[in-house]
Amino acid sequence: MGVLDRFEKGVEKVVSTAFSRAFRSELKPVELASALRREVDDKAAAVDRDRTVVPNEFTFALAPDDFDRIEQWGAETLADELASNVTDHAASQGYAFVGPVTVTFELHDDVTPGRFELTSRTVRGAVAPASASPSSRHPLVDIDGQRYLLTGPVTVIGRGSEADIVVDDPGVSRRHLEIRITPEGVVATDLGSTNGLFVEGHQVPAATLLDGNSLTIGRTRIMFWTGSAPHDAQDR
């Protein structure tokens, strides 16, 4: 099953078949997904031998009727499906993002019904979807199966909405853990949390992380990767 086939099935599952009927003779979600794939392909920029960066913020300008229809059937749901679709495509091509992937819709009176205009930007954030391989400069964390590439110099993990990576765990403080990338290495620091930081089972105030290290905050396990260890070790 292709990526676009999975996208269409995902939309139908979470929004219902009525969503597809609403778009039968109008703007179709699969057209938006195809446009996103073309956009990242066209805007892909090689920054070094092993890293090709693509935009991560996308905006669709829509005619009033199309905009209203998307709002009626769930703009947030469709945006999430589109972001997931373009992330999957980036992973298949080995592209890297420098921040979170977002898709938004805007109403524009001068856009023809059934058509759209797509703009994109590359906006750096603390984390990005793990669509590319980790490195010492951009390590990867796996939090209960969800993978994030650390694209900023400092990443805060915690339960509060102000954290860069939000963890749904009552045993995690609002700002629990900081991961800082420095020229000397990647340092994990407990931010004065209630339940502390454990690295390889030992409670520590701070630690320089090595590839494959396991961190625990509350009941949440975090795996840290830089890609320097053998590949089979990363799949343990």
Output the distance between atom [atom1] ([X]) and atom [atom2] ([Y]), rounded to the nearest 0.5 Å.
| X | Y | atom1 | atom2 | result |
| --- | --- | --- | --- | --- |
| Asp169 | Asn195 | CG | CG | 8.5 Å |
| Lys43 | Arg38 | NZ | CZ | 12.5 Å |
| Asp168 | Arg159 | CG | CZ | 9.0 Å |
| Met223 | Asp144 | CE | CG | 11.5 Å |

Tell me the closest heavy-atom pair linking [X] and [Y], and the distance in Å.
| X | Y | value |
| --- | --- | --- |
| Gly114 | Asp66 | N-OD2, 2.6 Å |
| Val186 | Pro139 | CG2-CG, 4.3 Å |
| Ala207 | Val204 | CB-CG2, 4.1 Å |
| Val101 | Thr87 | CG2-OG1, 3.8 Å |
| Phe58 | Leu118 | CB-CD1, 4.0 Å |
| Leu197 | Ala188 | CD2-O, 4.1 Å |

Evaluate the side-chain proximity of [Y] to [X]: yes if any heavy-atom separation is below 4.5 Å, no if none is.
| X | Y | result |
| --- | --- | --- |
| Asp42 | Val40 | no |
| Val53 | Thr122 | yes |
| Arg121 | Pro55 | no |
| Leu82 | Phe105 | yes |
| Leu32 | Phe116 | yes |
| Ser214 | Arg221 | yes |
| Val156 | Leu191 | yes |
| Asp80 | Leu78 | no |

Task: Under-4.0 Å salt bridge between Asp48 and Arg51 - done: no
Task: Electrostatic pair Asp142-Arg147, nearest N-O below 4.0 angstrom - done: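 Yes, charged N to carboxylate O under 4.0 Å.
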Open item on the list: Before you tell me yes or no, could you show the steps for Arg124 and Thr151 under side-chain contact (heavy atoms from CB on, under 4.5 Å), namely the whole-Å CA-CA distance, both residues' side-chain angles and the distance that decides it to 0.1 Å?
Closed with: CA-CA 7 Å; Arg124 183 171 294 279; Thr151 50; 4.1 Å; yes
Ignoring hydrogens and angles, tell me if any N or O in the side chain of [X] forms a donor-acceptor pair with the backbone of [Y] under 3.5 Å.
| X | Y | answer |
| --- | --- | --- |
| Asn56 | Phe97 | no |
| Ser135 | His138 | yes |
| Ser34 | Val30 | yes |
| Asp211 | Thr226 | yes |
| Glu57 | Thr102 | no |
| His176 | Gly196 | yes |

Shared hydrophobic cluster for [X] and [Y] (ILVMFWY, side-chain gaps under 4.5 Å):
| X | Y | value |
| --- | --- | --- |
| Leu215 | Ile157 | yes |
| Leu107 | Phe60 | yes |
| Ile70 | Val86 | yes |
| Val166 | Ile143 | no |
| Ile181 | Leu209 | yes |

Is it the case that the side chains of [Y] and [X] hold a donor-acceptor pair, with the cut-off being a distance below 3.5 Å and no angle test?
| X | Y | value |
| --- | --- | --- |
| Thr155 | Asp164 | no |
| Asp190 | Ser193 | yes |
| His89 | Asp41 | yes |
| Glu39 | Ser120 | yes |
| Thr104 | Thr59 | yes |

Counting only heavy atoms not in [X], do more than 12 fall under 6.0 Å of its [atom1]?
| X | atom1 | value |
| --- | --- | --- |
| Arg175 | CZ | no |
| Glu200 | CD | yes |
| Asp110 | CG | yes |

Open item on the list: Could you walk me through whether Leu210 and Phe224 satisfy the side-chain contact (heavy atoms from CB on, under 4.5 Å) test, starting with their C-alpha distance in whole Å, then the side-chain angles of each, then the deciding distance to 0.1 Å, before giving a yes or no?
Closed with: CA-CA 8 Å; Leu210 302 175; Phe224 174 84; over 6 Å; no
TODO: Tell me, with the steps shown, if Ile222 and Val167 meet side-chain contact (heavy atoms from CB on, under 4.5 Å).
DONE: CA-CA 11 Å; Ile222 303 170; Val167 177; 5.9 Å; no
Open item on the list: Go through it in stages, so that I can follow the logic: the residues are Asn85 and Arg37, the test is side-chain contact (heavy atoms from CB on, under 4.5 Å), and I'd like the CA-CA distance, side-chain angles, deciding distance and then a yes or no.
Closed with: CA-CA 8 Å; Asn85 179 264; Arg37 289 158 57 94; 4.0 Å; yes
